[in-house]
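A short write-up of the structure that comes next.
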Amino acid sequence: MPHLVIEYSQQLEDTLSIANLVTNGQQAMCDTGLFTPSAIKTRALPYRDFVLGDSRESGAGGFIHAEVRILEGRTTEQKEALSAAIFTSLCEAAPEVAEVSVEVRDMDKASYSKRLPF
């Protein structure tokens with residue numbers, strides 16, 4: 001179940017391995033021990049057009065933002081540890097990117113649907 005969605009400025013594709021970001025993020029999720037590794041889904045989405053803060057230059061410097069979606073029920077401490085693990089893995093994979101953020105979001109079990117393999 002858990003989903004790790006890594007959003008990033010498309011210009012980073014010129015200097016970073018996005019595949020490494022995805023792999024490192026997936027491994028960080030596994031290493032927390034909070035999830036069954038086979039249940040984790042990690043993907044990356046590029047953004048071509050964006051503005052960071054009050055920058056006069058659209059998208060100066062680039063960014064990486066990870067959203068982790070998990071089913072409700074984890075403790076605050078578990079979510080803090082998960083956020084820190086993802087944050088560390090992204091910063092290590094992209095030390096030249098100044099704008100890195102992570103958000104852990106709870107999903108309501110009642111409103112989540114999933115089709116399992118036959």
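Counting from 1, the numbers follow the sequence of the chain as shown.
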> Which heavy atom in Ala28 sits nearest to a heavy atom in Ala85, and how many Å separate them?
Replying inline: CB-O, 3.7 Å
> Parallel, tilted or perpendicular for Tyr47 and Phe63, by the 30°/60° rule?
Replying inline: tilted
> Can you name the closest pair of heavy atoms from Gln78 and Arg74 and give their distance?
Replying inline: OE1-CA, 3.3 Å
List the atom pairs, with distances to 0.1 Å, where a side-chain N or O of residues 31-40 and a protein N or O form a donor-acceptor pair under 3.5 Å, not counting sequence neighbours.
| from | atom 1 | to | atom 2 | distance (Å) |
| --- | --- | --- | --- | --- |
| Asp31 | OD1 | Gln27 | NE2 | 2.7 |
| Thr32 | OG1 | Met29 | O | 2.8 |
| Thr32 | OG1 | Leu34 | N | 3.2 |

>> For Arg105, is the CZ atom crowded, meaning more than 12 foreign heavy atoms sit under 6.0 Å from it?
In response: no
> Would a 4.5 Å heavy-atom cut-off, applied to side chains only, mark Ile86 and Ile6 as touching?
Replying inline: no
>> Under the rule for side chain to side chain contact (heavy atoms under 4.5 Å, CB included), what residues qualify as partners of Ala93, not counting sequence neighbours?
In response: Leu21, Asn24
> Which pair of heavy atoms, one from Ala94 and one from Ile64, lies closest together, and at what distance?
Replying inline: CB-CD1, 3.6 Å
>> If hydrophobic clusters are built from ILVMFWY residues whose side chains come within less than 4.5 Å, do Val100 and Leu16 share one?
In response: yes
>> Taking Tyr8 as the starting point, is it possible to reach Phe87 by hopping between hydrophobic residues whose side chains are less than 4.5 Å apart?
In response: yes
> Of all residues at least two apart in sequence or in a different chain, which pass the side chain to side chain contact (heavy atoms under 4.5 Å, CB included) check with Glu80?
Replying inline: Thr76
> In chain order, what residues pass the side-chain hydrogen bond (donor to acceptor under 3.5 Å, both in side chains) check against Gln10, with sequence neighbours excluded?
Replying inline: none
>> I need the minimum non-hydrogen distance between Gln11 and Gly62, along with the two atoms involved.
In response: NE2-N, 3.3 Å
> Are Val102 and Ile18 joined in one hydrophobic group, where the rule is that I, L, V, M, F, W and Y side chains link up if heavy atoms are under 4.5 Å apart?
Replying inline: yes
>> Within this structure, what is the CD-OG distance for the pair Glu99 and Ser9, rounded to the nearest 0.5 Å?
In response: 9.5 Å
> Distance-only, no hydrogens or angles: does the Ser83 side chain make a donor-acceptor pair with backbone N or O of Lys79 under 3.5 Å?
Replying inline: no
Please list, one pair per line, the donor and acceptor atoms closer than 3.5 Å that link side chains of residues 65-72 to other protein atoms, with sequence neighbours excluded.
| from | atom 1 | to | atom 2 | distance (Å) |
| --- | --- | --- | --- | --- |
| His65 | ND1 | Ser101 | OG | 2.6 |
| Glu67 | OE2 | Arg69 | NE | 2.4 |
| Glu67 | OE2 | Arg69 | NH2 | 3.0 |
| Glu72 | OE2 | Lys109 | N | 3.3 |

> Got a sec, which residues hit side chain to side chain contact (heavy atoms under 4.5 Å, CB included) with Glu77, two or more places apart in sequence or on another chain?
Replying inline: Thr75
> Looking at residues at least two apart in the chain, or sitting in another chain, which of them share a side-chain hydrogen bond (donor to acceptor under 3.5 Å, both in side chains) with Lys41?
Replying inline: none
>> Ignoring hydrogens, what is the shortest heavy-atom contact between Val22 and Ala44? Give both atom names and the distance.
In response: CG2-CB, 3.7 Å
